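Chain letters run A, B, ... following the sequence lines, proteins first and then strands; every chain starts at 1. As the structure is a computational prediction, the values presented were derived from the model and not from experiment.
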Protein chains: 2
Amino acid sequence: MPPATITDVARAAGVSPSTVSRALNGGRASAATIDQVNRAAASLKYRPSYIGRVLSAGRTDSVAAVVASLRRSALIEALGGLHAEAARQGLSVTLVEPSGGQGRDDAAFLRRDRDRFDGIVLLGRTVAESEREIGGEKLIAIGSYGKDETVGTLDPTATAAEHLRRLGHRSVHYIGVAHADPERTDYDGSRETSFFRSCSDSFVAATSSGTAPTVEGGFSATVTAVTGSSARPSALIAGTAEIAIGSATALRQLGLHVPGDIALIGIEDHPLAALLGVTTIDVGSEARGRRIACDVAKTLHPEAVDMSAVPPVSAPRVSLRLRSSC
Amino acid sequence: MPPATITDVARAAGVSPSTVSRALNGGRASAATIDQVNRAAASLKYRPSYIGRVLSAGRTDSVAAVVASLRRSALIEALGGLHAEAARQGLSVTLVEPSGGQGRDDAAFLRRDRDRFDGIVLLGRTVAESEREIGGEKLIAIGSYGKDETVGTLDPTATAAEHLRRLGHRSVHYIGVAHADPERTDYDGSRETSFFRSCSDSFVAATSSGTAPTVEGGFSATVTAVTGSSARPSALIAGTAEIAIGSATALRQLGLHVPGDIALIGIEDHPLAALLGVTTIDVGSEARGRRIACDVAKTLHPEAVDMSAVPPVSAPRVSLRLRSSC
DNA sequence: ATGAAAGCGCTAACAC
DNA sequence: GTGTTAGCGCTTTCAT
């Protein structure tokens, strides 16, 4: 037996389909009718069809999350925030990891599935020109800094570099994310750019290397950076939480004392970084996710968005988590 | 200007909507017509409406993932596998974290949104009776062991306990997941049950404690278990990857030598566990996710499922990753 | 090979 | 306050 439709309920309640719709959705209807309809709906185990509603309403009430990688805790956190807030706003979140992890096919995805969603959120990368054209308004990237905001206080890499400079460090090595696809510009790329920009006149020596955004990547990049032929830097900046954890692990296994022999600061905070005493720049991934969900919700029903659980935009977006590694 | 519909294309191509549909979906149509239609579609930038298709086809081609927690790497891995394989099969994955992380509202979710999805996958918990009734066929849980399979080789906790027994351990402490909601039965609960069942006659002393499935939880539970008033166990079993990592960190900070002073084995593998030398039981989360996606796909088009990227069911589901912590 | 028509489940005008 | 009608975009018989 197929699920009951609104027509069935209407018949059972002795009213018309539209009345059922109104009764169920809080439109104009007499108390008696509402009761009648609820009764009928209950006895028929009626549940409204999502698809039917969407088709006629023109909204899907769902957002796509294009996650660059499910193995980066900062992105998962952002996803969590996005999802939690979206749920509060009555939106659901559909996962769209770019095929092959390269982001190449995002354009194809956008072209095909754009109107399955009320919003498309990019986590862990910025929007490419070509994508902007296709995605239009719906496309929102999380994790980009600058633009309409004061770069100084919002750029985590600059904050990290500044912190090290104040502590008197002169030679700093940045371990960033290396992508298989060199054309890809995501926010890790912008972090590296920012690193060189913000420290070029502060440090005697600023170097960088790229690796996979994993603990293994951080581990091996650290070994290379620290035991390599050139002079050992006095401080390391790790571009992601996983890199920082791998880095801390490597330094320990190399028998280097932190921060005595070398300092370490990580971009993106992580519970384990706290446990390991690694100073980090908290980029507030979770809050960013929440905020984005609100942005999407606002495009749908500008008036009715409940912002109560979302930190105000004026709140600082990155903050130093001072621990013992610097 | 609203997006072009199939009717627009039909008009532009000088044919009927149904012909357009056939031409576009590989139905019977003359080559000339197909070409004609493609041309018109292209010039109008026509893209088929997902909603329209779903409404008339009756399939949503999407599955819901009910993830118990986004902070457990094993579940994220499973989600990754589910998602990757689903994508290969033309399915999309919508994220549904149980409200409040308590799982209480899953029933409500199921009742409301059941037919938005072709399948509903539970990650990190088993299916409750009440949910089974509502969810029916569509409801699949990942991460349960036993049932139709030989428990001996598939139960990770039993494997861990057995490994420790062979190494001569007599007093073992299991650190499992404590839930806010005691009624909840997820697979961590079954892991604890399995622990006591599988070691009751092997060890002189078997104890357990519960904590949050996080590195902090693992850390503090380990401190308690190891420095508590009672005799220190000779080995620890950590119920999740995060607990194992927290545990390893705690043991190090306590100055205990592993495995000299105390052994540690973790359930669920993790890159960092490898780096830290923690022996684990790999439960194959990613593969489990993939398999589930195939199961769902098979219910949709039993014939056309491409199993090439999925490990055979006969493959061992849990395996010992021997490292230096035991 | 193609067109006409019905209908998927629901909502929104508009009339009563 | 409620019923009628129309239509969201597509697929799918059934004729032609």
Can A:Ser18 and A:Ser21 be said to form a side-chain hydrogen bond (donor to acceptor under 3.5 Å, both in side chains), step by step? CA-CA 5 Å; A:Ser18 40; A:Ser21 175; over 6 Å; no
More than 12 heavy atoms from other groups under 6.0 Å of CZ on A:Arg39: no
Bend across the helix from C:dA1-D:dT16 to C:dC16-D:dG1, to 10°, with axes taken over 5 pairs at each end? 40°
Please report the C-alpha distance between A:Arg22 and A:Thr33 in whole Å, then the side-chain angles of each, then the deciding distance to 0.1 Å, and finally whether the side-chain hydrogen bond (donor to acceptor under 3.5 Å, both in side chains) criterion is met. CA-CA 10 Å; A:Arg22 279 184 296 244; A:Thr33 307; over 6 Å; no
Tell me, with the steps shown, if B:Leu79 and B:Val121 meet side chain to side chain contact (heavy atoms under 4.5 Å, CB included). CA-CA 10 Å; B:Leu79 179 62; B:Val121 182; over 6 Å; no
A:Val54 near the nucleic acid: base, sugar-phosphate alone, or nothing, with a heavy-atom cut-off under 4.0 Å? nothing
Which heavy atom of B:Thr5 sits nearest to which heavy atom of B:Asp8, and what is that distance? N-OD2, 2.8 Å
If I take atom CD in residue B:Gln36 and atom C1' in nucleotide C:dA1, what distance separates them, rounded to the nearest angstrom? 14 Å
For A:Tyr50 against A:Ser62, the heavy-atom pair lying closest together: OH-OG, 4.1 Å
Side-chain donor-acceptor pair under 3.5 Å between B:Ser49 and A:Arg116, yes or no? no
With B for base contact, S for sugar-phosphate-only contact and - for none (protein heavy atoms under 4.0 Å), nucleotides 6-16 of chain D reads -BBBBBB----
Check ion pair A:Arg71-B:Glu77 (N to O, under 4.0 angstrom): no
Rounded interatomic separation in angstrom, taking CZ from B:Arg116 and P from C:dG9: 17 Å
